[in-house]
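Proteins come first, then strands; the chains are lettered A, B, ... in the order of their sequence lines, and each starts at number 1. Keep in mind it's a predicted model, so treat the numbers as computed, not measured.
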Protein chains: 2
Amino acid sequence: MSTASALASQFTAARRPSICCNASCRHAAVCEATQGGDPTLLDMRQVVERVGPFSEGDRLVQPDAPHRAAFAVLSGLAKTVGDGRVLAFHLPGELFALDVPRTQTHSASVVAVGKTWFCRFPRTATDALCEHSEAIAAHLRALRRRERAFTRRATDGSAAERVKSFLLELLDRRRRVEGIGSGFIPLPMSRDDIGSYLGMSAATVTRMLARLRSEGSIAIRADGVDVLQEASLRG
Amino acid sequence: MSTASALASQFTAARRPSICCNASCRHAAVCEATQGGDPTLLDMRQVVERVGPFSEGDRLVQPDAPHRAAFAVLSGLAKTVGDGRVLAFHLPGELFALDVPRTQTHSASVVAVGKTWFCRFPRTATDALCEHSEAIAAHLRALRRRERAFTRRATDGSAAERVKSFLLELLDRRRRVEGIGSGFIPLPMSRDDIGSYLGMSAATVTRMLARLRSEGSIAIRADGVDVLQEASLRG
DNA sequence: CGACTCTTTGATCCTGATCAACACCGGTGG
DNA sequence: CCACCGGTGTTGATCAGGATCAAAGAGTCG
């Protein structure tokens, strides 16, 4: 996917937003923006635009571009990329691109992983909402803190430990937005992306997953992994 | 050195402070607190207490203890220790323990390396000075930022690179407080301390220094190293 | 002088990177 | 329908950087 076509796709998608955020959205229970329908946050639904579809490699935001909106993943997966490394993954329901309090610009790229839809929250609209609703302002502040916490941590510990805590992190995040669910963790991103995020080679990611499988902790599927013994991952 | 004797030594030293900060102090030109006699900072001299001597392993501040003072190294060397690792070294003339804007407590230990004297700046006094002098307030803010920058960086790059940049960091800091001087870098701390700071074993520190010597970049002495070819360290 | 600690140096081991071969899969064109 | 193809994932072989362990200097302090 060339840069030109990635941008073309972005603009095509952005030009036909549709407003459709309400309780009947099949992701309503999941969405961080509205916190599963928290009444004090209902106004967030008035400002959202649904944008997409984006496909593999499309860039949603550019580094150093002015910060014009925050986004929530509606379906699919997104990654934040900076300094040639994957800095964060964004799961369905998660609000992101809240960074940039001072510079007023995005500090890194956000790229779609596979076919992805987003909900877009224009900056001007959310700023206005924050003005007259302390609940929304506090909610966005909390999410901004959380986004920082999800960004690539210092690479300490062995490769095995980092892979285990990566799986547990995804499992916990999926549960938080979707409620306690299956032990399945979709991994639509490439092994290279995982390795970049965890600071190791793709081959090592594969090897560590294979080791966890041989220990009986997980089962590996084409589109992700099944957690069979969560306790042994946490141990 | 047991904890009990370290504390005893601390209290013994703290009980006889002497006020003697003026232009004739043989470290006046060096001292960050007064910035070599900057007239707008002269009031700092009114609040300082000289404390010491501390000896190897004595603890100057305890983690989670209330933040009651900042310190400058008068002679010797100090290290900040947290999580079982050396987080920073403090050279003569450098002001430190300025941390703790929010928690109001120290976040880590400060420990003397060898026989060391300090200048102590009580928090209540410096707070009062900041009230009526914007110059002093700005000076302390700048030093606080600098202290954060000196704290253990993420361990990236090879062991050889980290040792080289460690030597250059000490060289630059010595020059900044003492003016352009010799190419000698005192290393009164143990190889273990250096290794802890740089995230490698003491044996590797020794080996990397030996390699630099064999390349002709430095000469190793009992109490430090002489930089012979600064350019090859920077390269 | 002797006990002790710290540094240096050698030998070995372990982790993970790198390189290469191969399997697998979805698409594309005959 | 099948052969082909490029990209991705898996697996094996090899390699390099440092950790670890051990033993031998070198101070240092009593």
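- Regarding A/D192, its CG atom lies at a distance of 12 Å from the P atom of D/dT10, rounded to whole Å.
- Atom C1' of nucleotide C/dT7 and atom CG of B/D193 are separated by 14 Å, given to the nearest angstrom.
- Within 4.0 Å (heavy atoms only), B/S190 reaches sugar-phosphate atoms of the nucleic acid but no base atom.
- Scored by the side chain to side chain contact (heavy atoms under 4.5 Å, CB included) test, A/S201 finds A/A203, A/T204 as partners (sequence neighbours excluded).
- Of the possible donor and acceptor atoms, one in the side chain of A/E147 sits under 3.5 Å from a partner among the backbone N and O of A/L98.
- The side chain to side chain donor-acceptor pair (under 3.5 Å) search around A/K79 returns A/D193, not counting sequence neighbours.
- If you take CZ of A/R211 and P of D/dT11, they are 13 Å apart, rounded to a whole angstrom.
- Evaluation of the salt bridge (Lys or Arg N to Asp or Glu O under 4.0 Å) rule for A/R173 yields A/E94, A/E169 as partners, not counting sequence neighbours.
- Rounded to whole Å, the distance from CD1 on B/I194 to C1' on D/dA19 is 18 Å.
- Listed by chain and number, the residues in a side chain to side chain contact (heavy atoms under 4.5 Å, CB included) with A/P122 are A/E49, A/R120, A/T124, A/A125 (sequence neighbours excluded).
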Find every protein N or O atom lying less than 3.5 Å from an N or O atom of nucleotides 8-11 of chain C, and list the pairs.
unit_1 : atom_1 : unit_2 : atom_2 : d
C/dT8  : OP1    : B/R191 : NH2    : 3.3
C/dT8  : OP2    : B/R191 : NE     : 2.8
C/dT8  : OP2    : B/R191 : NH2    : 3.4
C/dT8  : OP2    : B/T206 : OG1    : 2.7
C/dG10 : N7     : B/R207 : NH1    : 3.2
C/dG10 : O6     : B/R207 : NH2    : 3.2
C/dA11 : N6     : B/R207 : NH2    : 3.4

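- Put simply, CE on A/M208 is 8 Å from C1' on C/dT15, counting in whole angstrom units.
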Restricting both atoms to N or O, compile the protein contacts to nucleotides 24-30 of chain D shorter than 3.5 Å, with distance only.
none

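- With rounding to whole Å, A/M200 atom CE is found 16 Å from C/dT18 atom C1'.
- B/D172 meets the side chain to side chain contact (heavy atoms under 4.5 Å, CB included) test with B/R175, B/R234; sequence neighbours excluded.
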Please tabulate, one pair per line, all N/O donor-acceptor pairs under 3.5 Å involving side-chain atoms of residues 209-223 of chain B, not counting sequence neighbours.
unit_1 : atom_1 : unit_2 : atom_2 : d
B/S214 : OG     : B/R211 : O      : 2.8
B/S217 : OG     : B/S232 : OG     : 2.8
B/R221 : NH1    : B/D226 : OD2    : 3.1

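- Looking at residues two or more places apart in sequence or on another chain, you find a side chain to side chain contact (heavy atoms under 4.5 Å, CB included) between A/T80 and A/L87, A/A88, A/H90, A/A108, A/V110.
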